[in-house]
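Here's the structure we're looking at; comments come further down.
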Amino acid sequence: MNRTLMLQHLKANPDKLWDVIIIGGGATGLGAAVDAASRGFDTLLVEQSDFAKGTSSRSTKLVHGGVRYLAQGDLSLVFEALHERGLLLQNAPHLVRNQRFIIPTYEWWEGPFYNIGMKVYDLMAGKLGLGPSQEISKEETLSAIPNLDQRGLLGGVIYYDGQFDDSRLAINLAQTAIEHGATVINYVRAVGFSKDAKYLLNGVQLLEVESNERFLAKGKTIVNAAGVFVGDIEAMDTEKPEQSVILSRGVHIVLDRSFLQGDSAIMIPHTTDGRVLFAVPWHDRTIIGTTDTAVEDPSLEPRASDEEIDFLLKSSAAYLRKDPKRDDVLSVFAGLRPLAVSNGTSMSTKDIPRKHQISVSRSGLITITGGKWTIYRKMAEDAIDKAILVGGLDEHECVTKHLPIHGYRRNNDFEEPLYYYGADKTQIEEMVLFPNPELRRQLHPSFPYIEAEVAWAVRHEMARTVEDFLARRVRALFLDARASMEMAPGVARIMAQELHRDSHWMQDQIERFKELAMGYLPPRRVTDG
Ligand SMILES: Cc1cc2nc3c(=O)[nH]c(=O)nc-3n(C[C@H](O)[C@H](O)[C@H](O)COP(=O)(O)OP(=O)(O)OC[C@H]3O[C@@H](n4cnc5c(N)ncnc54)[C@H](O)[C@@H]3O)c2cc1C
């Protein structure tokens, strides 16, 4: 996964006609690149920023059927997602794990009610189920989640879903696509299209962000997988595109592990605003989320509002014995959901179905939007099936159902340091042997991350900035924003060596990262003192 080579290949072949050009390096675009390349198509993917910089690093980290969609009666979505959950667990067992969830019950009817619901969930998962749900007593519930507030607690219902590391999976998908022959590049933005005499798309104008260089890539088909920016891409194609997405912001707060002891996650099916609330253990911290707030404009760095942070603190305090306060928040991150709609809708964002949608413009632009991380593979299959039709490409069957994803390692021990590299772990361990023992140094006392990971990320995972490393190659920014700021100088030093950059670059990187990370801390109020 060498960016310089990828870029050279792209620029050295200006007349190359790609079968598929994909715009956007989030879950949807990267999935499409894996699908297209593994079917044997000449595939190019460009990402304007870093892979998963947008929504795909800001999820709740669940590979799930969606209990909420079951409650909404959206059975086809749940069925599809449960199937995909099972496939992803098989194809990326180094990153996706089986997570036990407990729904605490406080009314007499809730135990039997949720138990029946979760049995239906199990049945729908069929052979790809992760474990049988069951109703448990108050004592069993408290033994699984010792710091659950026991006031009014009657018992609980256990069920199982998947949990993963979203941006690590994105990097592994990029690697998988490249291994199947795709050209995949970050920091290259699509800035326009070229069309033939019949006004059909035949190329994408690209801007290499680091050098400001522009060039054209010619393609038989073009897939718009730009997430919340799909409308901007459609606007480059046609003057008045129909509205294809509505945006909704979801916020998570991250707390110390002591707020959620034990290995189980909590699922609250109905908060005061009618949403589902999760408290999930992740990388030795606790993630609590999420919210659902309609927003107008797309952004790569959305920010949580004060109300959203208060809502999450208040809602979690209702269930946890130890009430979290603003000062306990280690990090707060927001993401924008690109919800697929046709011609606008009057529905509230939380009620818009999460099904994906594919449209084709008159000039042949294939836009894919909506969906979930969990079903990225199916979305990709549908998008590339459409590309075959639109571009008259040779018929090749999709092969991703049982395609191992880069890093694939069976029986991964999620307690081991470096486990999230899967099969690559041994190579990182070898890096710290003679002659580079200093690479074994820990980057920060609060995290297990070592210096070798920085060098690895530059050499093999296309990390270009301190943020790329601290936010998406490892998850420090999302797990503890203050600690991540303290790590920035050390990371900048190693990256500067690897990328042959000078001290100005280092200083600039450290300052930019610190400014960014400040936005991951809850804003202080005058009353905070
Ligand atoms: C708060 C929240 C929680 C969620 N939790 C879950 C969950 O637990 N499980 C689950 O399955 N799903 C979850 N989702 C949904 C899931 O995260 C999204 O469906 C998925 O990440 C969307 O991926 P995407 O590739 O479509 O968009 P993105 O990840 O946003 O990717 C689009 C990319 O396109 C790039 N781009 C835009 N314009 C250009 C251009 N001109 N040139 C080049 N590149 C461009 C952007 O930089 C961006 O990286 C959650 C979503 C949110 C918001």
Side-chain angles (χ1 to χ4, degrees), residues 21-33 44-66 68-69 77 81 84-85 88 96 99 161-167 169-170 173 185-193 204-209 222-236 245 247-252 265 275-276 278 280 282 287 289-293 295 298-302 304 308 333-340 349 354-357 367-377 379-380 383 472:
I21 300 179
I22 298 158
I23 301 170
T28 310
L30 290 165
L44 168 67
L45 178 144
V46 291
E47 163 55 49
Q48 64 173 350
S49 176
D50 187 26
F51 305 116
K53 163 73 180 179
T55 308
S56 297
S57 56
R58 299 157 189 277
S59 76
T60 314
K61 330 296 179 201
L62 302 181
V63 180
H64 61 160
R68 188 161 69 86
Y69 317 126
L77 177 62
E84 291 299 323
R85 178 189 75 169
L88 190 52
V96 186
Q99 173 67 53
D161 246 329
Q163 202 216 11
F164 76 132
D165 185 323
D166 46 12
S167 67
L169 182 59
L173 287 176
I185 315 185
N186 55 4
Y187 295 102
V188 173
R189 180 177 303 144
V191 289
F193 289 122
V204 185
Q205 277 146 13
L206 300 173
L207 172 77
E208 205 272 306
V209 175
I222 297 160
V223 176
N224 171 11
V228 293
F229 297 95
V230 284
D232 293 350
I233 306 294
E234 287 171 315
M236 295 181 339
V245 284
L247 315 184
S248 133
R249 186 174 58 224
V251 169
H252 295 87
R275 277 202 53 82
V276 170
F278 291 101
V280 191
W282 191 61
I287 295 192
T290 177
T291 55
D292 206 323
T293 312
V295 288
S299 157
L300 275 179
E301 272 300 339
E308 284 168 309
F333 60 92
L336 300 182
R337 301 178 185 88
L339 303 175
T349 51
R354 267 42 174 178
K355 193 102 186 103
H356 62 285
Q357 227 170 59
T367 294
I368 173 151
T369 186
K372 311 264 315 157
W373 237 122
T374 307
I375 54 164
Y376 83 91
R377 192 209 62 79
M379 292 171 70
R472 291 171 293 276

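Atoms within each ligand, like the ligands themselves, are counted from 1 in listed order. Side chains are part of it too, since the values below use all heavy atoms of this structure and drop only hydrogens, waters and symmetry mates.
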Check for a donor-acceptor pair, side chain of [X] on one end and backbone N or O of [Y] on the other, with a separation under 3.5 Å.
X: S167; Y: R472; result: yes
X: T55; Y: G335; result: no
X: W373; Y: S56; result: yes
X: T28; Y: A225; result: no

Give a yes or no on whether a salt bridge exists between K372 and E84, defined as a side-chain N under 4.0 angstrom from a carboxylate O.
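A salt bridge is absent here (no side-chain N lies under 4.0 Å from a carboxylate O).
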
Ligand 1: protein residues within heavy-atom distance under 4.0 Å:
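For ligand 1, the residues that come within the 4.0 Å heavy-atom cutoff are I23, G24, G25, G26, A27, T28, V46, E47, Q48, G54, T55, S56, R58, S59, T60, K61, L62, H64, V188, R189, A190, A225, A226, G227, F229, I233, G250, H252, T290, L300, G335, L336, R337, G371, K372, W373, T374.
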
Would you check if there is a donor-acceptor pair between the side chains of R337 and S248 at a distance under 3.5 Å?
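Judged by distance alone, the side chains do pair up.
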
